[in-house]
Participant: 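Supplied in structure tokens, the structure appears directly below.
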Amino acid sequence: MHIRGDHAELVVGGRLDVRSAADARTVLHSAVDDGVGDLVLNLSELDSWDATGLGVIMGAHRRAGRCGRRLVLRDVPPQMQRLLVATRLHRILAIEGGIGVDTLPRV
């Protein structure tokens with residue numbers, strides 16, 4: 001897993017899972033705490049995430065809200081879009097462009 005960027009936009013790549021969760025949490029919390037306005041997470045380079053990785057994203061979302069910021073997901077891969085829809089988290093998280101539930105490919 002790699003994360004690069006600043007307190008306004010981060011690009012998350014690789015696997016966001018139980019092995020990388022602690023490092024990702026540290027970087028995301030620091031970015032939330034050190035910035036103002038929206039924090040954009042560009043997920044275009046993300047290969048996969050598991051429940052722990054999704055928990056890290058939700059934790060950053062909650063922390064951003066407490067700091068008066070908004071966490072915005074950008075370029076969410078289709079596989080992850082399906083997971084967000086299945087868990088109904090697409091209704092809670094800010095997703096740039098939204099998720100077209102009817103246009104998601106079926107697996």
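All of these numbers come straight from a predicted model, not from anything done at the bench.
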Participant: Would you kindly confirm whether V72 and V27 end up in one hydrophobic cluster when ILVMFWY residues are joined by side chain heavy atoms under 4.5 Å apart?
Facilitator: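 Different clusters: V72 never reaches V27 through Ile, Leu, Val, Met, Phe, Trp or Tyr contacts under 4.5 Å.
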Participant: Distance from L89 atom CG to L83 atom CG, nearest 0.5 Å?
Facilitator: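 The distance works out to 7.5 Å.
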Participant: Taking the side chain from S30 and the backbone from T26, do they hold a donor-acceptor pair closer than 3.5 Å?
Facilitator: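 No, the answer is negative, given that no donor and acceptor are paired below the 3.5 Å cut-off.
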Participant: Given side chains that start at C-beta, do those of L84 and V76 come closer than 4.5 Å, heavy atoms only?
Facilitator: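 The answer is yes, as the side chains (C-beta and beyond) meet within the 4.5 Å cut-off.
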Participant: Side-chain heavy atoms under 4.5 Å apart, restricted to Ile/Leu/Val/Met/Phe/Trp/Tyr: what other residues fall into the cluster of V36, or is it alone?
Facilitator: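 Taking Ile, Leu, Val, Met, Phe, Trp and Tyr as members, V36 stands alone, with no cluster partners.
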Participant: Is there a side-chain contact (heavy atoms from CB on, under 4.5 Å) between L10 and N42 once you walk through the steps?
Facilitator: CA-CA 6 Å; L10 297 172; N42 183 320; over 6 Å; no
Participant: Decide whether L28 and V11 are clustered together by the hydrophobic rule: side chain heavy atoms of Ile, Leu, Val, Met, Phe, Trp, Tyr closer than 4.5 Å, transitively.
Facilitator: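 L28 does not cluster with V11.
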Participant: Locate the shortest heavy-atom distance separating A31 from D6; write the atom from each residue and the value.
Facilitator: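 Smallest heavy-atom distance, with atoms named: CB-O, 4.2 Å.
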Participant: State plainly whether the residues D50 and R15 are in salt-bridge range, i.e. N to O under 4.0 Å.
Facilitator: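 Here D50 does not pair with R15 in a salt bridge, since their nearest N and O are not under 4.0 Å apart.
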Participant: Taking the side chain as every heavy atom from C-beta outward, state whether M1 and R19 have any atom pair closer than 4.5 Å.
Facilitator: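 Heavy-atom side-chain distance check fails, nothing below 4.5 Å.
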Participant: Using every non-hydrogen atom in the two residues, find where T52 and A21 come nearest and quote the distance to one decimal.
Facilitator: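 The answer is CG2-CB, 3.5 Å.
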Participant: Could you grab the distance from atom CD1 of I92 to atom CZ of R88, nearest 0.5 Å is fine?
Facilitator: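 Between I92 CD1 and R88 CZ, I get 10.5 Å after rounding to 0.5 Å.
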Participant: Nearest 0.5 Å, please: how far is CD1 in I3 from CG in L41?
Facilitator: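 Answer rounded to 0.5 Å: 8.0 Å.
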Participant: Mind checking whether V40 and L71 have side chains closer than 4.5 Å, heavy atoms only?
Facilitator: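 V40 does not reach L71 side chain to side chain.
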Participant: Distance check, rounded to the nearest 0.5 Å: I95 atom CD1 versus H90 atom NE2?
Facilitator: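 It is 7.5 Å, given to the nearest 0.5 Å.
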Participant: Taking V12 as the fixed residue, which of L73, V56, L43 is the one that meets the side-chain contact (heavy atoms from CB on, under 4.5 Å) rule?
Facilitator: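 In the set L73, V56, L43, the residue that makes a side-chain contact (heavy atoms from CB on, under 4.5 Å) with V12 is L43.
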Participant: One thing to verify: whether E45 and R4 come together as a salt bridge, which I'm taking to mean a side-chain N less than 4.0 angstrom from a carboxylate O.
Facilitator: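 A salt bridge links R4 with E45.
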Participant: Please round to the nearest 0.5 Å and tell me the distance separating atom NE2 of H2 and atom CG of L46.
Facilitator: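 It is 9.0 Å, given to the nearest 0.5 Å.
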Participant: Pair S48, D17 - check side-chain contact (heavy atoms from CB on, under 4.5 Å), show working.
Facilitator: CA-CA 8 Å; S48 64; D17 56 19; 5.7 Å; no
Participant: Evaluate the side-chain proximity of P78 to R82: yes if any heavy-atom separation is below 4.5 Å, no if none is.
Facilitator: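 The answer is yes, as the side chains (C-beta and beyond) meet within the 4.5 Å cut-off.
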Participant: Are side-chain heavy atoms of D38 and R69 found at a separation under 4.5 Å?
Facilitator: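 Counting from C-beta outward, D38 and R69 never come under 4.5 Å.
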Participant: Nearest 0.5 Å, what's the CG-CG distance between L54 and L93?
Facilitator: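 That separation rounds to 7.5 Å.
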